[in-house]
Amino acid sequence: MQRLLLSTLLIGLLGAALRGQDPPREPAPQQRLLRLLRELRSTDPKVWEARLADLEQQARVRDAEAKTLREQATDLQRRADAAAAAAAALRAEQAKLVELQKVLSSLPTADPTQAPAGEAKPSAAPAKSAPDPAAAPEPKPEPKKAQAAGAAAPAAVMPTAKPPATAPAMKDGGGEPAELVTWATVAPIFAESCTGCHDPDAQKGGLDLSTFAAARNGGGSGQSLVAGDPEQSRLYRMVTRQERPFMPRDADPLSNAQTKVLRTWIEQGAAEDAAGARAFLAERAAMAKAAGAAADAAKLDEGAAPMPGTMPTTALRTPHRPGPVASLVRSPRAPLLAMPGLQQVLLCDAELRPIGVLPCDLAHVGAVAFAEDGSAVLAAGGEPGRRGSAVLFDVRSGAVLTTCGAEKDCPLAAAVHRGAGLVALGGSSKRARVLRIADGAEVLAGRHDDFVLCLAFDPAGKLLAAGDRAGSVQLWETAGGRIFQTLAGHQGAVHAVAFDRTGKSLLTAGADGTLRLWDVAAAKERWRQNAHPGQQALAAAFGPGDAVASCGSDGVIAVFSAAGRPVARSPAAGEWLYAVAFGADDAVVWAGDWLGRVHRFDVAKKVLTSKVPLAPAQPALQ
């Protein structure tokens, strides 16, 4: 409208000038427009330029926003496609299992204890063999002979099950349990008390208990069953009123007999059939035998902590200028510290005095980690952006035990569990990869949304904790590769994870400056401390006693009790601290900084001193 009035006014003025006449008297609106034109014409050109630049800047911002949204949409579509492909693969596997089950059910039943010709039987068979529990709809009732020996009579709800209080009752002479509890036994319990809320239609909490496959898949908060471990199984903890929400919701709890049946089923591997339960128990027996052998070997060397012994003498290499001390770890069984060197791993005593040097073929050693028993130390590194791997050394002899991994970048995190025979690597691949020590084969490649920055095995080697740059901590099952729990709470990257000696608690440190202790089974915080206010917590460690420590970008070492109570804070070191480890006991804490210094914090005196382990003047070891 403004342009139309302006055009009309200009045409009128031009016509009057051509006729040599004075323009007619303008009405008030036209006069205002003329004044506006004069004002606009007198406007400084810089104002026009500024306005044009502002509009251009806004347009660029909108262009960038549109580009970001398109990229996010592409990424979401990619993730959706990957999830759909994974679902299709699982359904295909499910179909194969169904077909296999049909084939097995069509086979004639046979005595499961009958050995093939030419092989000895594991135990003497009775004159009349018992039927295979897998071929019967329900397990065989408890023999009267066993009941007479003091066993409790089977419960009325589940007359065929005889769950033990602590461990499965064994047949005479050992072997498998007297009764195998399978899905056929526990399914009626779920049908009676659980599937009203947890079936394919309702699936409250994302949990479906109507079929074996659905029950083992777990719910929206992660896995509900941990084969062999009822106390770590959320389903069992909820039905036994150990963890909220209590189940069944708004109904009477399960009877003692029902919970015992459920417990025995989980202890025997939460198997679908008798064959699966036998296989699980056989594997457990083998692991127990191996653990017993290891324990016997430890008794022969009782009191001897894994310390460097007869390893070859190697000169300590020093750089022209010390680099950052980004990794510093303490042996879980000895006053022994390890840190990266220049194509070496440096082993020190509790006062950081060098006592051993391990030559390493890696171009750059970035992270070090001790095995759970302290008998081995792992070095991970390589060439940034090109390749990466890990080398495992025997602590006593310095011998190379294995080299594994074929990463496309230097690993940012590493962990090792010698008892389980596993090594873990993480980094820019956004995966927590687990490899077998024996042959380097990959057994797990847990996907994360961002770089994996820290890793730790639990003491049993069953779980791997992996923290990433997106702020998530995933607990991966090392057998099967499923997510056991997801710990969400840190705002920003998770820089450190560490299990306590029991494996029931996990310590984490994050870019939000907080130090947190988590209940692993419940995926809940036990306590939280703002250890480095306004800064980043970059490392955390448990001490040999009742203490934990962290360090961060504020250059401070913070010490807390295992219950989360503040104990002491060091003076600021003046540089970011990237790694932390205790000395011989909880009284001394070490932390490495950007300049290659390692700072010693006397907790009682609150005194901070420092040294440079890889200073150029450092003499060679003799």
Step by step, work out the side chain to side chain contact (heavy atoms under 4.5 Å, CB included) result for Leu614 and Leu316. CA-CA 8 Å; Leu614 296 178; Leu316 179 65; 4.0 Å; yes

Does any donor atom in the side chain of [X] or [Y] lie under 3.5 Å from an acceptor atom in the other side chain?
X	Y	value
Trp518	Ser505	no
Thr514	Asn530	no
Arg396	Ser375	no

Hey, does the side chain of [X] reach the backbone of [Y] with a donor-acceptor pair shorter than 3.5 angstrom?
X	Y	answer
Gln268	Leu281	no
Ser610	Val598	no
Glu372	Ala420	no
Trp527	Arg516	no
Asp602	Lys606	no
Arg569	Ala531	yes
Ser561	Ala563	yes
Ser389	Ala406	no
Arg237	Ala521	no

Just checking [X]: does its [atom1] atom have more than 12 heavy atoms from other residues, nucleotides or ligands closer to it than 6.0 angstrom?
X	atom1	answer
Asp450	CG	yes
Lys611	NZ	yes
Trp594	CH2	no

If you look at every heavy atom in [X] and [Y], which pair is closest and at what distance?
X	Y	value
Pro411	Gly381	CD-O, 3.5 Å
Leu577	Cys551	O-SG, 3.5 Å
Val612	Gly596	CG1-O, 3.5 Å
Val368	Val329	O-CG1, 3.6 Å
Gln529	Pro566	NE2-CD, 3.9 Å
Ala523	Thr486	CB-O, 4.4 Å

After noting the C-alpha distance and the side-chain angles of His532 and Ser550, does the key distance pass the side-chain hydrogen bond (donor to acceptor under 3.5 Å, both in side chains) rule? CA-CA 9 Å; His532 305 273; Ser550 66; 2.9 Å; yes

For the [atom1] atom of [X] and the [atom2] atom of [Y], what is their distance to the nearest 0.5 Å?
X	Y	atom1	atom2	value
Thr508	Leu506	OG1	CG	6.0 Å
Phe542	Leu507	CZ	CG	4.5 Å
Asp512	Arg528	CG	CZ	8.0 Å
Arg333	Met307	CZ	CE	12.0 Å
Met339	Cys348	CE	SG	6.5 Å
Tyr578	Ser327	OH	OG	13.5 Å

As a test of understanding, state which of Thr313, Thr314, Val345 forms a side chain to side chain contact (heavy atoms under 4.5 Å, CB included) with Val357. Thr314

Hey, which of Leu401, Leu422, Val423 is the one that makes side chain to side chain contact (heavy atoms under 4.5 Å, CB included) with Ile437? Val423

Does Arg330 qualify as a cation-pi partner of Phe582, given the criterion of NZ or CZ under 6.0 Å from the six-membered ring centre and within 45 degrees of its axis?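 Judged by the rule, Arg330 and Phe582 form no cation-pi pair.
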
Pair Ser553, Gln536 - check side-chain hydrogen bond (donor to acceptor under 3.5 Å, both in side chains), show working. CA-CA 5 Å; Ser553 59; Gln536 298 189 56; 5.2 Å; no

Would you say the side chain of [Y] lies within less than 4.5 Å of the side chain of [X], judging by non-hydrogen atoms?
X	Y	answer
Arg234	Gln485	yes
Leu362	Val391	yes
Val567	Val603	yes
Arg386	Asp409	no
Val395	Pro308	yes
Phe451	Leu412	yes
Phe499	Lys504	no

Test: [X] and [Y] ion pair at under 4.0 Å:
X	Y	value
Arg526	Asp519	yes
Glu351	Arg600	yes
Glu231	Arg263	yes
Asp546	Arg565	no

Report the C-alpha distance between Ser472 and His448 in whole Å, list the side-chain angles of each, state the deciding distance to 0.1 Å, and finish with yes or no for side-chain hydrogen bond (donor to acceptor under 3.5 Å, both in side chains). CA-CA 8 Å; Ser472 174; His448 285 246; 5.3 Å; no

Evaluate Leu336 against Ile355 for side chain to side chain contact (heavy atoms under 4.5 Å, CB included), listing each step before the verdict. CA-CA 9 Å; Leu336 179 66; Ile355 57 176; 3.6 Å; yes

After noting the C-alpha distance and the side-chain angles of Arg418 and Asp394, does the key distance pass the salt bridge (Lys or Arg N to Asp or Glu O under 4.0 Å) rule? CA-CA 11 Å; Arg418 196 171 183 184; Asp394 181 81; 3.6 Å; yes

CA sep, side-chain torsions, deciding dist, call: Leu347, Leu358, side chain to side chain contact (heavy atoms under 4.5 Å, CB included): CA-CA 8 Å; Leu347 300 178; Leu358 304 175; 4.1 Å; yes

Apply side chain to side chain contact (heavy atoms under 4.5 Å, CB included) to residues Leu463 and Thr478 and explain how you reach the verdict. CA-CA 6 Å; Leu463 297 176; Thr478 55; 5.9 Å; no

Whether His417 and Phe457 hold their rings parallel, tilted or perpendicular, with breakpoints at 30° and 60°: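 Perpendicular.
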
For salt bridge (Lys or Arg N to Asp or Glu O under 4.0 Å), just list the numbers for Arg447 and Asp468, CA-CA rounded to whole Å, side-chain angles, deciding distance to a tenth of an Å, and then say yes or no. CA-CA 10 Å; Arg447 183 173 178 80; Asp468 62 34; over 6 Å; no

